[in-house]
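The chain is numbered in sequence order, starting from 1.
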Amino acid sequence: MATYVVLANFTDQGIRNVNDSVKRLEAFREMAKSKGITVKDAYYTLGKYDVLVTLDAPDEMSATALSLAVAKLGNIRNQTMRAFTPAEMTTILGKV
């Protein structure tokens with residue numbers, strides 16, 4: 001499984017319905033689970049982004065499909081990034 005970090009911002013629709021944001025996060029967890037993805041952590045944040053999520057996905061296509069499926073709902077815009085553990089980075093650096 002690969003780890004991904006998702007940074008998200010509420011859209012106008014999302015902020016209008018901000019009181020439902022925790023319910024939407026739980027629905028996101030279920031959506032992820034149905035695609036074989038595990039949501040590890042989720043945080044509401046201050047600053048440039050409103051939400052930070054870490055997840056484990058079997059591959060980039062699954063992570064991308066989840067990202068598009070949740071964005072399609074219209075409450076957030078997100079940026080999904082592949083994250084590497086120190087051990088994975090050591091392997092990568094061995095190929096440099």
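The OG1 atom of Thr3 lies 4.0 Å from the CG atom of Asp56; values are rounded to the nearest 0.5 Å.
Under a cutoff of 6.0 Å and an axis angle of 45°, Arg82 and Phe84 form a cation-pi pair.
Evaluation of the side chain to side chain donor-acceptor pair (under 3.5 Å) rule for Asn9 yields no partner, not counting sequence neighbours. Listed by chain and residue number, nothing satisfies the side chain to side chain donor-acceptor pair (under 3.5 Å) test with Asp50 (two or more places apart in sequence, or in another chain). With sequence neighbours excluded, no residue satisfies side chain to side chain donor-acceptor pair (under 3.5 Å) with Glu60. Judged as a side chain to side chain donor-acceptor pair (under 3.5 Å), and not counting sequence neighbours, the contacts of Ser67 are Asn78, Thr80.
Cluster partners of Met1 are absent, since no Ile, Leu, Val, Met, Phe, Trp or Tyr has side-chain heavy atoms less than 4.5 Å from it.
Heavy-atom minimum distance, Ser21 versus Tyr44: O-OH, 3.0 Å. Summarising the geometry of Arg77 relative to Thr11, their closest heavy-atom pair is CG-CG2, 3.8 Å, with the distance given to 0.1 Å. The two atoms that bring Val18 and Arg24 nearest to each other are CA-NH2, 4.4 Å, heavy atoms only.
Partner Phe28 forms a side chain to side chain contact (heavy atoms under 4.5 Å, CB included) with one of Leu55, Leu73, Ile76 and no other, that one being Leu55.
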Residues 31-43, side-chain donor-acceptor partners within the protein, below 3.5 Å, at least two apart:
from	atom 1	to	atom 2	distance (Å)
Ser34	OG	Met31	O	2.7
Asp41	OD2	Thr54	OG1	3.4

